[in-house]
Q: 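Quick one: the structure is below, questions incoming.
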Amino acid sequence: MSPVVGKAMEATLVVLYLGAVTATLYGGVVPEYRAATGGEIADRTLADAATDIEAAIPPETEAATVRRTVEMPATIAGSAYRIHAKNDSLILEHPSPEVSTRTPLVLPERIEHLSGTWASGETAVVRIVDGPDGLEIRLE
Amino acid sequence: MRGQANLLALAIALIVVTTVASVGVVVADGAFTTAQRDATERATAIALADRIVGTDSPVTDRRNVLNESLLEDERIDPIVPTGADIRITVDGDVLYERGDPVGGTTIRRLAILSERQSVTIEPRLDRPVVTLPRRSPTATVRVDPDSDVETVRANDRVVLYDRTGIDGEHDVRLSRYETTTLEFDGVVDTGEVSVTYYPRRTTKALVEVTVSD
């Protein structure tokens, strides 16, 4: 065979190999890792948010109002997400189902009501005010 | 022939590169697995443990001091969050359990367990003075009606006085910070007066909270 054909075959082989490896990685391994990492980050973000909310609860006093800003990452796994409060737990909603998660909140008996939603990318504020039956926590 | 030798070398080189890449992926996977931490379980367990031994907990007198008479699961139930399996133990005894949190995260807190005891002494009253060996917030003084005691003093402060003679059982408040000496005026025979005081016994206790999602 002439050397040119030989070199051409080698070049083609290398290009095919690269194509095959890239397809394998991006088809199987990479999305799986992205979802798993996104899930871990979502878990930690939610745990941090829960800890911040629980730390913002004031001690037993006559009247108290608390307003505190909470930090959250702007996106998880490349998408925006929302955190909302329901039934004494926090739920993180994300387009990818493996990243969505929830965690219960540990609240004292003085807290009567918990509500509100945070959207990622906007300033997240937790506001605790005196309600008629007890303290109310609102996510704004 | 040289062309084919080159192809063979290329094929071997590509195989080597593939092997190295696979080893890299396996190492990364192992590193990722060890970095997984169950952050939400930890956050819940830490928050619950801190609430249990905190100031406004239903089972504590002050921060980090558990009151042994308040350690019941109905008292803890309002602050335990729903939605997870939880077990709370104090010194190994299960205080509260819901579900079976196998393989969950455990958080420990060291606290003090305080138990009130009740100790009664019938003083031998050659001199009508009794010093309580342990501090106690209150004491119950029982005086027989025919004993003729009119005044009872605690550390020179009058706590009971009846001009016609003290009779029956009376609770008196004592100083929490000083050792108290009770004085009964008048002549008293042994057995006519008894003092019950309530010292607190404190021991260290380990509170463990296990949460499984």
Side-chain angles (χ1 to χ4, degrees), chain A residues 1-18 20-22 24-25 28-30 32-33 36-37 39-55 57-61 86-92 101-111, chain B residues 1-11 13-15 17-18 20-22 24-26 28-29 31-33 35-52 54-58 63 75-86 88 98 105 107 209 211 213:
Chain A
M1 270 184 286
S2 83
V4 171
V5 174
K7 289 294 175 205
M9 275 174 59
E10 285 171 20
T12 317
L13 195 59
V14 171
V15 168
L16 281 179
Y17 170 78
L18 280 179
V21 165
T22 311
T24 316
L25 284 182
V29 176
V30 168
E32 209 179 282
Y33 275 112
T37 317
E40 281 295 308
I41 293 185
D43 266 355
R44 284 165 210 221
T45 305
L46 205 59
D48 280 345
T51 311
D52 282 341
I53 292 176
E54 283 153 10
I57 296 176
E60 279 197 65
T61 49
K86 186 174 155 185
N87 284 348
D88 282 359
S89 54
L90 282 184
I91 304 174
L92 190 147
T101 183
R102 66 188 301 160
T103 184
L105 281 176
V106 180
L107 302 172
E109 294 178 272
R110 331 191 269 280
I111 307 287
Chain B
M1 232 251 342
R2 262 193 42 197
Q4 285 179 343
N6 265 346
L7 264 184
L8 186 61
L10 180 64
L14 287 182
I15 290 173
V17 167
T18 314
V20 168
S22 318
V25 168
V26 166
D29 194 43
F32 184 75
T33 316
Q36 282 184 325
R37 259 200 326 174
D38 275 331
T40 48
E41 275 180 14
R42 266 182 68 91
T44 311
I46 290 176
L48 186 56
D50 285 340
R51 269 269 165 241
I52 288 175
T55 335
D56 49 355
S57 153
R63 194 167 72 96
R75 297 192 67 105
I76 296 265
D77 190 58
I79 59 171
V80 175
T82 53
D85 290 341
I86 294 187
I88 303 173
R98 180 174 66 220
T105 323
I107 298 292
V209 175
V211 173
D213 227 282

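Quick note on labels: first sequence line is chain A, next is B, and so on, each numbered from 1.
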Q: Mind checking the CD-CG spacing from Glu40(A) to Asp38(B)? Nearest 0.5 Å is all I need.
A: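 It is 7.5 Å, given to the nearest 0.5 Å.
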Q: Determine the minimum heavy-atom distance between Val106(A) and Pro81(B), stating which atoms define it.
A: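 It is CG2-CG, 3.8 Å.
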Q: With a 4.5 angstrom heavy-atom cut-off, which part of Ala55(A) approaches chain B: side chain, backbone, both or neither?
A: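 Answer is neither: Ala55(A) stays 4.5 Å or more from chain B.
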Q: Might you confirm whether atom CZ of Arg98(B) has over 12 heavy atoms from other residues, nucleotides or ligands at distances under 6.0 Å?
A: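 Correct, the count exceeds 12.
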Q: So Asp50(B) and Glu54(A), side chain to side chain contact (heavy atoms under 4.5 Å, CB included) or not? Walk me through it.
A: CA-CA 11 Å; Asp50(B) 285 340; Glu54(A) 283 153 10; over 6 Å; no
Q: Can you measure from CG (Asp56(B)) to OG1 (Thr61(A)) and round to the nearest 0.5 angstrom?
A: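 The CG atom of Asp56(B) sits 10.5 Å away from the OG1 atom of Thr61(A).
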Q: List the atom of Thr40(B), the atom of Asp43(A), and the distance in Å for their closest heavy-atom pair.
A: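 Scanning both residues, the minimum pair turns out to be CG2-O, 3.6 Å.
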Q: Which answer fits Thr45(A), side chain, backbone, both or neither, if we ask what part of it has an atom under 4.5 Å from a heavy atom of chain B?
A: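 Thr45(A) has no heavy atom closer than 4.5 Å to chain B.
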Q: With respect to chain A, which residue among Thr82(B), Ile46(B), Thr18(B) yields the maximal number of heavy-atom pairs within a distance under 4.5 Å?
A: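 Of the candidates given, the most pairs with chain A belong to Thr18(B).
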Q: If the condition is side chain to side chain contact (heavy atoms under 4.5 Å, CB included), which residues does Val17(B) pass it with, not counting sequence neighbours?
A: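 Tyr17(A).
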Q: Could you tell me which non-hydrogen atom of Asp29(B) sits nearest to which non-hydrogen atom of Tyr33(A), and how far apart they are?
A: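 Smallest heavy-atom distance, with atoms named: OD1-OH, 2.6 Å.
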Q: Which heavy atom of Arg51(B) sits nearest to which heavy atom of Ile57(A), and what is that distance?
A: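 Heavy-atom minimum between the residues: NH2-CD1, 3.8 Å.
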Q: Side chain, backbone, both or neither: which part of Thr55(B) has an atom under 4.5 Å from a heavy atom of chain A?
A: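 It is neither, since no heavy atom gets under 4.5 Å.
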Q: Heavy-atom pairs under 4.5 Å with chain B are the metric here; pick the option from Arg110(A), Glu60(A), Arg44(A), Lys7(A) that has the most.
A: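 So the answer, after comparing Arg110(A), Glu60(A), Arg44(A), Lys7(A), is Arg44(A).
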Q: What's the shortest heavy-atom distance between Ala47(A) and Ala39(B), and which atoms?
A: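 Taking Ala47(A) first and Ala39(B) second, the nearest heavy atoms are CB-O, 3.6 Å.
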Q: Taking all atoms of both residues into account, what is the closest heavy-atom pair of Ile79(B) and Pro108(A), and its distance?
A: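 Shortest heavy-atom separation between Ile79(B) and Pro108(A) comes out as CG2-CA, 4.2 Å.
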Q: Measure Leu14(B) against the heavy atoms of chain A and call it side chain, backbone, both or neither at under 4.5 Å.
A: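 Contact with chain A involves both backbone and side-chain atoms of Leu14(B).
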Q: Counting heavy-atom pairs under 4.5 Å to chain B, which of Asp88(A), Leu107(A), Leu46(A) comes out on top?
A: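 Ranked by heavy-atom pairs under 4.5 Å with chain B, first place is Leu107(A).
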Q: Where on Ser57(B) is there a heavy atom nearer than 4.5 Å to chain A: the side chain, the backbone, both, or neither?
A: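 For Ser57(B), no heavy atom lies under 4.5 Å from chain A.
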Q: Does Arg102(A) have more than 12 heavy atoms from other residues, nucleotides or ligands lying within 6.0 Å of its CZ?
A: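 No.
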Q: Need one label for Ser89(A): side chain, backbone, both or neither, based on atoms under 4.5 Å from any heavy atom in chain B.
A: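 No part of Ser89(A) comes within 4.5 Å of chain B.
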Q: Under the side chain to side chain contact (heavy atoms under 4.5 Å, CB included) rule, collect the residues that match up with Ala42(A), sequence neighbours excluded.
A: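 Applying side chain to side chain contact (heavy atoms under 4.5 Å, CB included) to Ala42(A) gives Ile76(A), Leu92(A), Val99(A), Thr101(A).
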